[in-house]
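Comments concern the structure below.
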There are 2 protein chains.
Amino acid sequence: MSRPEALSPARLKDAAPLFAALGDATRLSLLVSLCAGGPLTVTRLSGQSAVSRQAITKHLEVLSEAGLVKSTRHGRERIWTFEPKRLEDAHQYLARLSREWDVALASLKAFVED
Amino acid sequence: MSRPEALSPARLKDAAPLFAALGDATRLSLLVSLCAGGPLTVTRLSGQSAVSRQAITKHLEVLSEAGLVKSTRHGRERIWTFEPKRLEDAHQYLARLSREWDVALASLKAFVED
DNA sequence: AGTGAGTGCAACCCATCGGTTGCATTTTTT
DNA sequence: AAAAAATGCAACCGATGGGTTGCACTCACT
């Protein structure tokens, strides 16, 4: 009898790759760059970073599959933009977990005080 | 001239392993179990899951190194408990990123309207 | 004291990840 | 038309990750 907001196994399977995409320092710094610096190309992004352009491309593909980033071709360049919706999803998942904990604490407290 | 709330490289290096720990369906379901079911032992947790006890142990160690979980010995058993503080950290990191995006949007809007 | 439950430790396997190098392809630009 | 910029594709490499099996160890319980 789980609440509709609970973290069902189906949701976990959606959440896992999302958090996994966030679980890399290089990718996080890419997200920061795309947030602060607006839409950018791969070469521009790899200019900031220590690793090669192809490595950055791979990271962007991971972020893209996680839905955190989107790309559009513009002539010979490919422009990458941040996708805020998916970040909101991640936030929701954390909130659900946190809420689950609070509920458990409350019922434990009720049990003790009973 | 970054704001004190900004996502500095140092913060990214702290955030990455945290999100990485959350980036696995098995680990997420462990966290859910520890949230809802209260403190539990490894054997109890592995009873719910499809994978072996040793696999669960490894996952718990990963969660522990990320600070998401804590263990205390109690006789011959080891009790694992959820650690809500670290989840709050993760939430903060997401909020910072989200805020970074909002600020960029606002200044872009100001630029266009100028 | 001895049996069994709960863990810990270590080796091993295969898949994936992060990264590289090299070269082909497509658009600009002059 | 030719050179240069931006990207795509593919092979390869070492390290890490998730998982397993097997066995040793510690502690509770009768």
Side-chain angles (χ1 to χ4, degrees), chain A residues 9 12-34 37-82, chain B residues 9 12-34 37-82:
Chain A
L12 292 190
K13 281 191 181 158
D14 179 58
L18 179 53
F19 286 122
L22 293 170
D24 181 280
T26 304
R27 283 197 287 270
L28 283 178
S29 103
L30 285 177
L31 285 183
V32 170
S33 296
L34 289 180
L40 288 171
T41 81
V42 192
T43 42
R44 236 190 221 305
L45 284 166
S46 61
Q48 308 289 339
S49 177
V51 297
S52 71
R53 172 180 60 86
Q54 289 81 349
I56 300 293
T57 298
K58 285 190 182 181
H59 281 302
L60 286 172
E61 281 169 0
V62 172
L63 289 172
S64 174
E65 283 190 19
L68 287 164
V69 119
K70 205 182 68 181
S71 76
T72 58
R73 305 232 36 165
H74 222 259
R76 93 182 126 175
E77 337 186 276
R78 176 168 222 150
I79 311 287
W80 296 86
T81 59
F82 178 63
Chain B
L12 292 190
K13 282 191 180 158
D14 179 56
L18 179 52
F19 286 122
L22 294 171
D24 181 280
T26 305
R27 282 196 289 269
L28 283 179
S29 103
L30 286 177
L31 286 182
V32 169
S33 296
L34 288 180
L40 288 171
T41 81
V42 193
T43 41
R44 235 187 219 308
L45 284 167
S46 61
Q48 308 288 340
S49 177
V51 298
S52 72
R53 171 180 59 88
Q54 288 83 348
I56 300 293
T57 298
K58 285 192 181 181
H59 281 303
L60 286 172
E61 281 170 1
V62 171
L63 289 172
S64 174
E65 283 189 19
L68 287 164
V69 119
K70 206 182 67 181
S71 76
T72 57
R73 304 234 33 166
H74 221 258
R76 93 181 126 176
E77 340 187 275
R78 176 168 221 151
I79 312 286
W80 295 86
T81 59
F82 178 64

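In what follows, every chain begins at residue 1, and chains take the letters A, B, ... in the order their sequences are listed.
The line from OG of Ser33(B) to CG of Leu40(B) is 7.0 Å long, rounded to the nearest 0.5 Å. Going from atom OG of Ser29(B) over to atom CG of Leu45(B) covers 8.5 Å, rounded to the nearest 0.5 Å. A distance of 12.0 Å separates OG in Ser46(B) from NE2 in His59(B), rounded to the nearest 0.5 Å.
Residues Ser64(B) and Trp80(B) share a closest heavy-atom pair of CB-CZ3, 4.1 Å. Across all non-hydrogen atoms, the minimal contact from Thr43(A) to Thr41(A) is OG1-OG1, 3.0 Å. Taking both residues in full, the closest heavy atoms of Ala66(B) and Leu18(B) are given as O-CD1, 3.9 Å, listed atom of the first, atom of the second, then distance. Ala25(B) and Leu12(A) get closest at one heavy-atom pair: O-CD1, 4.2 Å.
Proximity of a side-chain donor or acceptor of Thr57(B) to a complementary backbone N or O of Arg53(B) within less than 3.5 Å is detected.
Across residues 38-50 of chain B, Thr41(B), Val42(B), Thr43(B) each have a non-hydrogen atom less than 4.0 Å from an atom of DNA chain C (numbered order). A heavy-atom distance below 4.0 Å to DNA chain C is reached by none of the residues of residues 16-27 of chain B.
For Phe82(A), the ring pair (Phe, Tyr, Trp, His ring centres under 6.0 Å) partners at least two apart in sequence or on another chain are Trp101(B).
Of the candidates Leu30(A), Val62(A), Leu34(A), Leu63(A), Leu63(A) is the only one forming a side-chain contact (heavy atoms from CB on, under 4.5 Å) with Leu68(A).
Taking every nucleotide of DNA chain D with any atom under 4.0 Å from a non-hydrogen atom of chain B, the first and last of them, 5' to 3', are dG18(D) to dA28(D).
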Compile the donor-acceptor pairs under 3.5 Å between side chains in residues 69-79 of chain B and protein atoms, sequence neighbours left out, one pair per line.
{"from": "Ser71(B)", "atom 1": "OG", "to": "Arg78(B)", "atom 2": "NE", "distance (Å)": "2.9"}
{"from": "Ser71(B)", "atom 1": "OG", "to": "Arg78(B)", "atom 2": "NH2", "distance (Å)": "3.2"}
{"from": "Arg73(B)", "atom 1": "NH2", "to": "Arg76(B)", "atom 2": "O", "distance (Å)": "3.4"}

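Between Ile56(B) atom CD1 and dC9(C) atom P there is a gap of 18 Å when expressed in whole angstrom units. Between the C1' atom of dG19(C) and the CG atom of Leu60(A) lies a distance of 15 Å, rounded to the nearest Å.
Proximity of Leu31(A) to Leu22(A): side-chain heavy atoms (C-beta onward) are separated by under 4.5 Å at one or more points.
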Report summary line: In B/S/- notation (B base, S sugar-phosphate only, - none; protein heavy atoms under 4.0 Å), nucleotides 22-30 of chain C written 5' to 3' is B----BS--

